[in-house]
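What follows is a set of notes on a single structure, which appears directly below.
Whatever order the structure lists ligands and atoms in, that order sets their numbers, starting from 1.
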Amino acid sequence: MPSTSESLLSVVPVVPVVVIDDLAHAVPVARALVAGGLPVIELTLRTPVALDAIAAIAAEVPEILVGAGTIVTPGQVKQAADAGAQFLVSPGSTPTLLAAMGDSGLPFLPGTATVSEALAVLEAGHTEMKFFPAEASGGAAYLKSIASPLPAARFCPTGGITAASAPAYLALPNVGCVGGSWLTPADALATGDWDRVRALAAEAAALG
Ligand code: 3PG
């Protein structure tokens with residue numbers, strides 16, 4: 001399993017954000033990402049099988065770092081941790097959610113989209129955060145603008161990013177990695193095209 005002791009933002013250049021509808025896809029997707037050189041997966045808690053998918057990957061693909069995304073309630077923090085999630089990601093931040101994620105003991109990326117939200121996360125003692133929805137919130141130009149006033153903040157932008165737009169984010173001093181679902185297209189999952197997932201992962205891994 002990759003280590004997050006240094007920084008969740010330094011493990012891979014692109015964190016695959018994955019929506020799993022069919023539990024049977026979880027382990028093959030994880031294996032394809034590892035084979036492509038991206039040993040990290042963020043499973044979004046947006047489908048009924050998401051927690052079971054996390055548990056299956058944690059049990060069967062020990063070489064991947066498996067996390068839970070779309071955490072929007074403190075209850076989901078516990079559910080994700082119980083399922084075996086090794087990191088947590090939320091689309092936004094509230095004081096309650098920040099406290100619950102902090103109490104979990106797991107590394108986490110709280111979501112922010114404004115300077116005030118980033119300041120609130122910094123005030124709570126966390127320097128690493130998600131920037132979401134990245135493209136709709138101003139994209140790489142926005143993050144470049146806030147690098148100077150917020151030098152302590154480091155971001156994982158996610159939301160609308162593609163293989164084509166990722167390099168502009170990764171070139172910024174306040175960006176450690178980006179996240180995106182483009183590596184695991186729904187049609188590739190539906191048809192079991194794990195070779196395509198592996199190839200997309202390899203292309204993304206080369207951005208690092
Ligand atoms: C997320 O949860 O981080 C985003 O929904 C992923 O965004 P994308 O699907 O636009 O890559």
4.0 Å heavy-atom contact, Phe132 with ligand 1: yes
Ligand 1 contacted by Gly159 (non-hydrogen, < 4.0 Å): yes
Interfacing atoms of ligand 1 (cut-off 4.0 Å, heavy-atom, Gly180): 11 (O)
Selection from Thr158, Val178, Leu109 by shortest heavy-atom distance to atom 6 (C) of ligand 1: Thr158
Heavy-atom nearest neighbour in the protein, as seen from atom 11 (O) of ligand 1, with distance rounded to 0.1 Å: Ser181 N, 2.9 Å
Steps toward side-chain hydrogen bond (donor to acceptor under 3.5 Å, both in side chains) verdict (Arg154, Thr127): CA-CA 6 Å; Arg154 290 185 76 229; Thr127 57; over 6 Å; no
Option among Val18, Thr70, Val89 that satisfies the side-chain contact (heavy atoms from CB on, under 4.5 Å) test with Thr44: Thr70
His25 side chain vs Leu189 backbone, donor-acceptor pair below 3.5 Å: yes
Any donor-acceptor N/O pair, Ser165 side chain to Ile161 backbone, under 3.5 Å: no
What about [X]: any of its N or O atoms under 3.5 Å from an N or O on ligand 1?
| X | answer |
| --- | --- |
| Trp182 | no |
| Gly160 | yes |
| Lys130 | yes |
| Arg46 | yes |

Test item: side-chain donor near acceptor, Glu117 and Ser93, under 3.5 Å: no
Check: Tyr142 ring centroid to Phe131 ring centroid under 6.0 Å: yes
Between CD1 on residue Ile146 and CG on residue Leu172, distance to nearest 0.5 Å: 10.0 Å
